[in-house]
Novice: 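Below you will find the structure I want to go over with you.
Each chain gets a letter, A, B and so on, in the order the sequences are listed, and its residues count up from 1.
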Amino acid sequence: MAEQLAIGSRRGLKPALPLLLPAYLWLTVAIFLPLSAMVFFSFMTDLPLAGKEWAFTLGNYATFFSQSLYLTLLLASLRLGLEVTLWCVVIGYPAAYVLAKVLKGRSREAIFLLVILPFWSNGLVRIFSWAMVLREGGILDTALNAVLPFKINIDLMYSYPAVIIGLVHSYVPYMVLTCYLTLQAIDDSLIEAGRSLGASRLQVLKRVIIPLSMPGLIAGAALIFVPVVGSFMEPRILGGRTGTFYGTVIEDQFVAVFNWPLGAALSFILLAVVLIILGLAAPVLRRAA
Amino acid sequence: MLNHDGKVYGVPWVWGLTALAINEKSFDKPPTSIAEMWDPAHKGRVVIRDDAVEAVQFGAIASGQNINDIKDMDAVKTKLTSLMPQIKTFWSSENDWNQMVASNQIDIGTYWSGSADRAKTHFKLPVSLVIPQEGAVAWLDAFSIPAGSKNVAGAEAFINYMIDPKFYVEWVTKVGAPVSANTKAVEALPEDAFNRKVMGSPEVAKRIQFQAPVTDEQREKYLALWQELKVNVK
């Protein structure tokens, strides 16, 4: 492995170019160009449609700072991102551990399939299914009341917990997959060595398994945190009265009032904040890893 | 708007109302006032559409103003602010509304006339439309052909088909539709059809206010107000 890497780096980038070209061409056309257009829009007073007058301005960015509304929502969205990521770790990491270290053969394949299954269904369908489960008189409410001897009333629909549940469900497979990959790569003999040298199971977990699987945890957290902060579909459908977040406000600017410049500016402020957070977290996380 | 400076810019197609609709199970007799939305008895069982323009114009009617010339924006804001604690959720599609009525989660809310009729006649839901004495927001959809179109004849044929009484009657009976702006099409409906009996009544015509075009500035102002209200409710 190390030898191969050495050969690769000695040959330089040139032979790799034909392999990289399709991906980078695609990224340029599909991501970089539209994104650049959005950066451009975010500095405009109006969209140049049907010969409308427009000029360059910083006003769209100033709007963010002139009203406390946007900051409040941004903080609410960041909190949402942290909470969802945390729940994904709590639920996803143990599942990934069991998949990587406990289950073998067919049972592993079966469980793995169940983890990936949500990826095969449309996101909107998943959210609407949650609506049926969570509402008063819904599947969860009816099922629990049929089993429990006392009467409880479960109406989670249109609430903050409903948004969390919907988002965690959508994103937990990312955490399972990234952690599974790093956990699987841990040599069992390291764990056995730790145990034979007198470490308790908890110590092995803390000193061997978690540090070695940290890259997977970090990758999973980043994959989840970033899209959740900008999410708008789940809050809108499951959140009800409490479902206004930074993502839904951006969506409104594009869809409801056709104010692309402000929508784009708000998006790039979000991007900047997320990059700053990841940048600040990187050294800490690297040391931990 | 469609007829400007003696020139025709479009063909009116269908119109309807953004009024109130109720869950019949929650009322012995239908309410007549818009104030019912603010009744503490319905706390947590009221819905309003997630649309800034509709919400602000609804607030204008509730505070006794002209929806196209809102003089006292503070009154609208106060009205809507006091409505917020009543709200269960902001609906965005007919499906939202109908599901919530079907599972008996709401009592009353803003709704479109055509959708309320469709919910009752086609989906057999306990929904009825209420056009409050204070008024309701009326909207009109129209067809226009962009300047420089390549297939004008095709576009005209399409418009003729869409406003044709035969197509309209089929649309109303099979799917449920708003009120046609073509009087001949409405006359082709049965006497007791909702779109003829209720929507065509002169009593209703007196109370409703048609939406004039909304400028971009107004739209953005309304959205800012609406977002502020939604954020403060959190």
Novice: Got B:Gln227 and A:Gln67 here, is their nearest side-chain heavy-atom distance under 4.5 Å?
Specialist: no
Novice: Quick check on the structure: residues of residues 56-88 of chain B within a heavy-atom distance below 4.5 Å of chain A, by number.
Specialist: B:Met84, B:Pro85, B:Ile87, B:Lys88
Novice: Name the member of A:Val249, A:Asn259, A:Val257 that forms the most heavy-atom pairs with chain B at distances under 4.5 Å.
Specialist: A:Val257
Novice: So for atom CH2, which belongs to B:Trp15, do other residues, nucleotides or ligands contribute more than 12 heavy atoms lying within a distance under 6.0 Å?
Specialist: yes
Novice: How long is the gap from CG on A:Leu262 to CD on B:Glu220, to the nearest 0.5 Å?
Specialist: 7.5 Å
Novice: For a 4.5 angstrom cut-off between non-hydrogen side-chain atoms, does B:Lys230 reach A:Asp252?
Specialist: yes
Novice: With a 4.5 angstrom heavy-atom cut-off, could you sort out which part of A:Phe258 is near chain B: side chain, backbone, both or neither?
Specialist: neither
Novice: Looking at A:Trp87, I'd like to know if its CH2 atom is crowded, meaning that more than 12 non-hydrogen atoms belonging to other residues, nucleotides or ligands lie closer than 6.0 Å.
Specialist: no
Novice: Can you tell me how far apart CD (B:Glu228) and OG1 (A:Thr72) are? Round to the nearest 0.5 Å.
Specialist: 10.0 Å
Novice: My understanding is that only residues two or more places apart in sequence, or in another chain, count here; which of them pass side chain to side chain contact (heavy atoms under 4.5 Å, CB included) with A:Arg126?
Specialist: A:Pro118, A:Ser121, A:His169, A:Ser170
Novice: How long is the straight-line distance from OG1 of B:Thr89 back to CZ of A:Arg135, given to the nearest 0.5 Å?
Specialist: 13.5 Å
Novice: Give, as side chain, backbone, both or neither, the part of A:Asp155 having an atom under 4.5 angstrom from any heavy atom of chain B.
Specialist: side chain
Novice: So for atom OH, which belongs to A:Tyr174, do other residues, nucleotides or ligands contribute more than 12 heavy atoms lying within a distance under 6.0 Å?
Specialist: no
Novice: For residues 112-147 of chain B, give me every residue with a non-hydrogen atom less than 4.5 Å from any non-hydrogen atom of chain A.
Specialist: none
Novice: For chain B, find which of A:Glu136, A:Gln253, A:Met132, A:Met157 contributes the most heavy-atom pairs closer than 4.5 angstrom.
Specialist: A:Gln253
Novice: Counting only non-hydrogen atoms closer than 4.5 Å, can you tell me which residues of residues 94-111 of chain B sit against chain A?
Specialist: B:Asn95, B:Met100, B:Ser103, B:Gln105
Novice: For A:Phe232, does the CZ atom sit with more than 12 other heavy atoms under 6.0 Å from it, leaving out its own atoms?
Specialist: no
Novice: Kindly compute the distance separating OG1 (A:Thr244) from CH2 (B:Trp226), expressed to the nearest 0.5 Å.
Specialist: 8.5 Å
